[in-house]
Amino acid sequence: MSKEIGITVKKNENFSEWYTQVVLKAHLADYAPVKGLIVLRPYGYSIWESLKSSLDQKLKATGHENGFLPVLIPESLLSKESDHFAGFTPEVFWVTHSGETEIGDRLALRPTSEALAYSMYSKWVKSWRDLPLKINFWNTALRAEIKATKPFLRTSEFLWQEGHTVHATKEEAEQEVMSILEMYKKTVEEELAIPVITGKKSEKEKFVGAVYTTTMESIMPDGKALQMGTSHFLGQNFSKPFDVKFLDKQNVETFAWQTSWGVSWRLIGALIMIHGDDKGLVLPPRVAPIQVVIVPIYYSPQDMELVLSKVSEIKQALTKHNLRVHMDVRDEVTPGYKFHDWEMKGVPLRVEIGPKDIAKGKMVLVRRDSLKKSDLTFEDAENGILSMLDEIQQNLFENAKSLLREKTREITDFDEFKSEMEKGAFIYSPWCGQTKCEETIKESTGADIRVIPFDAKMQDSKCIICKNQTTIHAIFARSY
RNA sequence: GGGGCCGUAGUCUAGCUUGGUAUGAUACUAGCCUGGGGUGCUAGAGGUCGCCGGUUCAAGUCCGGCCGGCCCCA
């Protein structure tokens, strides 16, 4: 029937259009009236909630607390750290009036909260006993996107968390940077089933104001890289202008060492791109708002009663295991319609129960990842479904790892580099460490350094551009 | 950053060249029929034609500006 209900383009034929359709048609989000802003619908927000809850637990378990910061930051405060300010100012939204009255010190809608948070921290941190201070904020940030907006990937306001910590020593702060990055990696790999590569950003690509930035990066099916999260070592770059200092055990006034880090709903964008297929969204069970959908099938009122009571029984049994189960009892649409509908929405597992199944004592299971059908007896329902969900989660992760492998190359010759980059790839190449060579690559290929992986081991080699000796192995890619 | 395209009911769309307040489908509501891969019939309801201005007796249609969206190439 009407094909417009479903996804009308193939993922590998028009990736961009496919992505937009999945976001809208799976009811993840919709466009707001202002350019670059989206409304997150309950189905999309639920994914964010799962991700949030998983990360929040880990943060709390490691001594972080949540706080809340206001959205308006006076320009005078935002501009205190000059590099930081210069980096963000092109995309800041400004509030210039309250009612009809012009505001003298105009107010920024937070592009990030370092300035505001640290102006507060300077009041709260006086003694070594006040440290470490580890506060996380679940909020949104606003950065004006002039062109090329894309739901979840590039929006003028985005949901995220930003953590801001203060430490007595450099070592402790650097440990924090790494432990957060590891926490992010674990969360993304285990919950979203997306493998990431962790490492450092180059000087050119680091967070403005940071001493260095660590990052986790992944590659999308179209060959473009996506930054999945960052954790920054700020050193004393902010504690000095914002006066975050304390008296140490020797009664010496000392500037504190700081970190900041964040992940955003961009991760949902990655999830859509990595796992989705021609039929729509494919969700890993861990974050799926609905993990199991049960479609009852019946012809007569007698069958209806029989089927619905069996379906409720199964649903109840599964709910006891904390599974998110939905019973699709709509009678205005046919089973076939429901099958397509839930496939588009990416529900990991579908259960069909009709009179024939009840007669056989079995139900039909259909996996969203492979679309394979199988039987399961009612007695085995709970264990069978639990283990199949685990299998789906695993399988999605394995598929994503294969994608990453397929798209990764190791190249030392620049001509080969250029032709491979045209296809879209993660390219490991030796790099001398100079911004000049990095810029040459950017100009001629559009690719930049996504990450200098921690685990990239390389013999002494020659920079792909200037041929100077180096041991740095960087990953280059075009990016979102 | 550069270049194309688009905006009419919840959704998809005809009408625009050649001006006269709008076509069809789907979804929605009611009743029946159906139901294991996007059911069928009958009736009903649903519209500031993105916004503002201009031309005109008359603008969805022509002109200008703005807002919003999509795609392609750096």
Side-chain angles (χ1 to χ4, degrees), chain A residues 1-27 29-39 41 90-91 144-156 222-224 278-280 293-308 310-311 328-345 347 350-360 362-368 371-376 418 421-424 439-448 477-480:
Chain A
M1 282 308 295
S2 183
K3 288 279 194 300
E4 283 76 29
I5 308 171
I7 307 301
T8 60
V9 294
K10 297 207 179 304
K11 189 181 181 186
N12 62 11
E13 283 172 8
N14 189 341
F15 187 68
S16 194
E17 169 73 21
W18 170 87
Y19 176 85
T20 305
Q21 285 196 18
V22 172
V23 168
L24 297 176
K25 293 185 176 182
H27 293 183
D30 205 349
Y31 295 105
V34 178
K35 181 179 176 60
L37 300 185
I38 60 169
V39 175
R41 302 181 65 172
E91 46 190 17
E145 291 293 345
I146 301 132
K147 251 201 108 171
T149 63
K150 204 75 167 159
F152 298 116
L153 300 175
R154 197 170 282 278
T155 49
S156 290
D222 62 349
K224 283 161 86 175
D278 290 346
K279 285 173 171 284
V293 65
I294 310 178
V295 179
I297 293 151
Y298 43 78
Y299 307 82
S300 64
Q302 295 91 317
D303 282 345
M304 177 172 117
E305 206 176 312
L306 179 72
V307 168
L308 288 183
K310 191 68 193 174
V311 165
D328 188 352
V329 293
R330 287 179 291 177
D331 60 3
E332 69 273 22
V333 290
T334 61
Y337 182 96
K338 294 177 185 177
F339 299 162
H340 285 278
D341 195 31
W342 294 115
E343 278 164 2
M344 187 164 72
K345 292 194 169 116
V347 174
R350 179 172 81 239
V351 174
E352 304 171 15
I353 299 178
K356 290 184 216 163
D357 307 294
I358 292 177
K360 286 185 288 188
K362 288 178 174 176
M363 61 185 102
V364 175
L365 298 189
V366 187
R367 294 169 58 145
R368 178 62 182 90
L371 296 169
K372 286 198 180 105
K373 291 194 180 191
S374 58
D375 284 343
L376 184 65
K418 283 190 270 195
M421 194 56 82
E422 281 307 310
K423 299 174 202 163
E439 279 167 351
T440 302
I441 291 173
K442 173 78 178 176
E443 277 159 29
S444 57
T445 66
D448 42 36
R478 290 176 181 158
S479 72
Y480 274 94

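Computed from a predicted model, the values in this text were never measured in an experiment. Each chain gets a letter, A, B and so on, in the order its sequence line appears, and its residues count up from 1.
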### Message
B:G69, OP1 or OP2 - any side-chain N/O from A:Lys35 closer than 4.0 Å?
### Response
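Yes, within the criterion.
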Whole Å only: how far is the [atom1] atom of [X] from the [atom2] atom of [N]?
| X | N | atom1 | atom2 | answer |
| --- | --- | --- | --- | --- |
| A:Arg154 | B:G69 | CZ | C1' | 17 Å |
| A:Asp357 | B:G36 | CG | C1' | 8 Å |
| A:Lys25 | B:U26 | NZ | P | 17 Å |
| A:Gln21 | B:G69 | CD | C1' | 13 Å |
| A:Tyr337 | B:G35 | OH | C1' | 15 Å |
| A:Arg368 | B:G37 | CZ | C1' | 14 Å |
| A:Ile38 | B:C70 | CD1 | P | 11 Å |
| A:Asp331 | B:A30 | CG | P | 11 Å |

Looking only at atom [atom1], what distance separates [N] and [M], rounded to whole Å?
| N | M | atom1 | value |
| --- | --- | --- | --- |
| B:C63 | B:C71 | P | 27 Å |
| B:C51 | B:C32 | P | 41 Å |
| B:G50 | B:G7 | P | 8 Å |
| B:G65 | B:U26 | P | 40 Å |
| B:G15 | B:G60 | C1' | 8 Å |
| B:U39 | B:C16 | C1' | 37 Å |
| B:A58 | B:G19 | P | 15 Å |
| B:U11 | B:G4 | C1' | 26 Å |

### Query
Between the base of B:G38 and the side chain of A:Asp341, is there any donor-acceptor pair under 3.5 Å?
no
### Task
Might you confirm whether atom CD of A:Glu305 has over 12 heavy atoms from other residues, nucleotides or ligands at distances under 6.0 Å?
no
### Message
Can you confirm whether more than 12 heavy atoms, excluding those of A:Lys418, are under 6.0 Å from its NZ atom?
### Response
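Yes, NZ of A:Lys418 has more than 12 neighbouring heavy atoms, counting only those of other groups under 6.0 Å.
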#### Entry: Close side-chain approach of A:Asp328 and A:Arg350, heavy atoms under 4.5 Å
no
### Message
Is there a side-chain contact between A:Arg367 and A:Leu365 in this structure, where contact means two heavy atoms from C-beta onward sitting under 4.5 Å apart?
### Response
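A side-chain contact is absent here, since even the closest heavy-atom pair is not under 4.5 Å.
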### Message
Using the side-chain heavy atoms of A:Glu343, tell me which of these nucleotides is nearest: B:G37, B:C28, B:G36.
### Response
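Given the options B:G37, B:C28, B:G36, the side chain of A:Glu343 is closest to B:G37.
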### A:Arg350 side chain, from C-beta outward: closest of B:C28, B:G37, B:G35
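So the nucleotide nearest the side chain must be B:G37.
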Contact class for [X] (heavy atom, under 4.0 Å): base, sugar-phosphate, or nothing?
| X | answer |
| --- | --- |
| A:Pro355 | base |
| A:Val364 | base |
| A:Lys356 | base |
| A:Phe339 | base |

### Message
Between A:Lys150 and A:Glu145, does any NZ, NE, NH1 or NH2 come within less than 4.0 Å of an OD or OE carboxylate oxygen?
### Response
no
### Message
Assuming nearest nucleotide by heavy-atom distance, tell me which of A:Gly336 and A:Pro151 is located more 5' along RNA chain B.
### Response
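Looking at RNA chain B, the more 5' nearest nucleotide goes with A:Gly336.
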### Query
Got a sec, which residues hit side-chain contact (heavy atoms from CB on, under 4.5 Å) with A:Glu422, two or more places apart in sequence or on another chain?
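Partners of A:Glu422 under the side-chain contact (heavy atoms from CB on, under 4.5 Å) test: A:Arg478.
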For nucleotides 71-74 of chain B, list the nitrogen or oxygen atoms of the protein found under 3.5 Å from its nitrogen or oxygen atoms, one pair per line.
from, atom 1, to, atom 2, distance (Å)
B:C71, OP1, A:Ser16, O, 2.9
B:C71, OP1, A:Ser16, OG, 2.7
B:C71, OP1, A:Glu17, N, 3.2
B:C71, OP1, A:Thr20, OG1, 3.2
B:C71, OP1, A:Lys150, NZ, 2.7
B:C71, OP2, A:Lys150, NZ, 3.1

Complementary nucleotide of [N], counting Watson-Crick and G-U pairs under 3.5 Å:
| N | answer |
| --- | --- |
| B:A30 | B:U42 |
| B:G64 | B:C52 |
| B:U21 | none |

### Message
I'd like to know if the side chain of A:Tyr31 and the backbone of A:Leu24 have a donor-acceptor N/O pair within less than 3.5 Å.
### Response
no
### Query
Does A:Ile297 offer a backbone N or O that forms a donor-acceptor pair with the side chain of A:Glu352 under 3.5 Å?
no
### Task
Would you tell me whether A:Asp222 and A:Tyr480 have side-chain atoms, one donor and one acceptor, within less than 3.5 Å of each other?
yes
